[in-house]
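Below: the structure, in structure tokens.
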Amino acid sequence: SYRGARKKDKMVAWLKKQVLSPTIKLNNEEEVKKFISENKKSLVLRFPDEKNADYDSLCDMIKKYKTLEDIPAGVLFGGNEIQVTLHIAE
């Protein structure tokens, strides 16, 4: 249940966090490179498909821990293995 400020922007942000996926879907390697270059810090997740239980668990963890909500997370589906990489710009 919502316990934050009673302001429209705060309430909308909280609701979006509860409903929307915490990841941005990336469609190919070019989008991955662009995503990394546009963010000082970023998480890039790679999963075989969207029906992966590990992907669901990681999304739940991102939603739960406030320290991760400031790091944009992009996900690329396809391939054979699971990979999670933290990128930090120099």
Side-chain angles (χ1 to χ4, degrees):
S1 66
Y2 183 71
R3 296 178 191 261
R6 298 291 181 206
K7 296 187 178 194
K8 179 182 174 183
D9 59 333
K10 298 289 185 185
M11 294 171 78
V12 169
W14 180 85
L15 186 59
K16 283 182 178 180
K17 184 179 175 189
Q18 301 305 308
V19 175
L20 300 177
S21 173
T23 62
I24 298 166
K25 186 174 181 182
L26 306 170
N27 295 305
N28 53 49
E29 289 297 329
E30 288 300 316
E31 288 185 14
V32 170
K33 289 177 187 175
K34 183 179 177 191
F35 180 76
I36 293 168
S37 71
E38 291 176 344
N39 296 287
K40 283 186 167 186
K41 296 178 187 175
S42 62
L43 273 176
V44 175
L45 319 171
R46 297 171 190 268
F47 286 89
D49 58 60
E50 293 181 59
K51 305 282 187 230
N52 190 293
D54 292 323
Y55 172 66
D56 293 338
S57 296
L58 189 57
C59 285
D60 289 342
M61 184 179 78
I62 291 170
K63 284 182 177 181
K64 182 177 180 181
Y65 294 101
K66 292 195 178 290
T67 55
L68 293 176
E69 70 185 14
D70 293 333
I71 302 174
V75 62
L76 179 64
F77 295 107
N80 296 323
E81 62 184 29
I82 296 171
Q83 183 180 26
V84 178
T85 310
L86 174 64
H87 297 270
I88 301 174
E90 295 179 18

* To do: Hey, could you give me each pair passing salt bridge (charged side-chain N to carboxylate O under 4.0 Å, His left out) that has a residue in residues 49-61? Not counting sequence neighbours.
  => K25-E50
* Asked: Going through the distances and angles, do L76 and E29 end up as a side chain to side chain contact (heavy atoms under 4.5 Å, CB included)?
  -> CA-CA 8 Å; L76 179 64; E29 289 297 329; 3.4 Å; yes
* State the CZ-CD distance between F47 and Q83, to the nearest 0.5 angstrom. => 10.0 Å
* Write down the atom of L26, the atom of V32, and the distance for their closest heavy-atom approach. => CD1-CG2, 3.8 Å
* Min side-chain heavy-atom separation P48-N80 under 4.5 Å -> no
* To do: Mind telling me whether F77 and Y55 have parallel, tilted or perpendicular rings, with 30° and 60° as the class edges?
  => perpendicular
Side-chain donor-acceptor pairs of residues 37-45 under 3.5 Å, sequence neighbours excluded:
| residue | atom | partner | partner atom | Å |
| --- | --- | --- | --- | --- |
| S37 | OG | K33 | O | 3.4 |
| S37 | OG | K34 | O | 2.9 |
| N39 | ND2 | F35 | O | 2.7 |

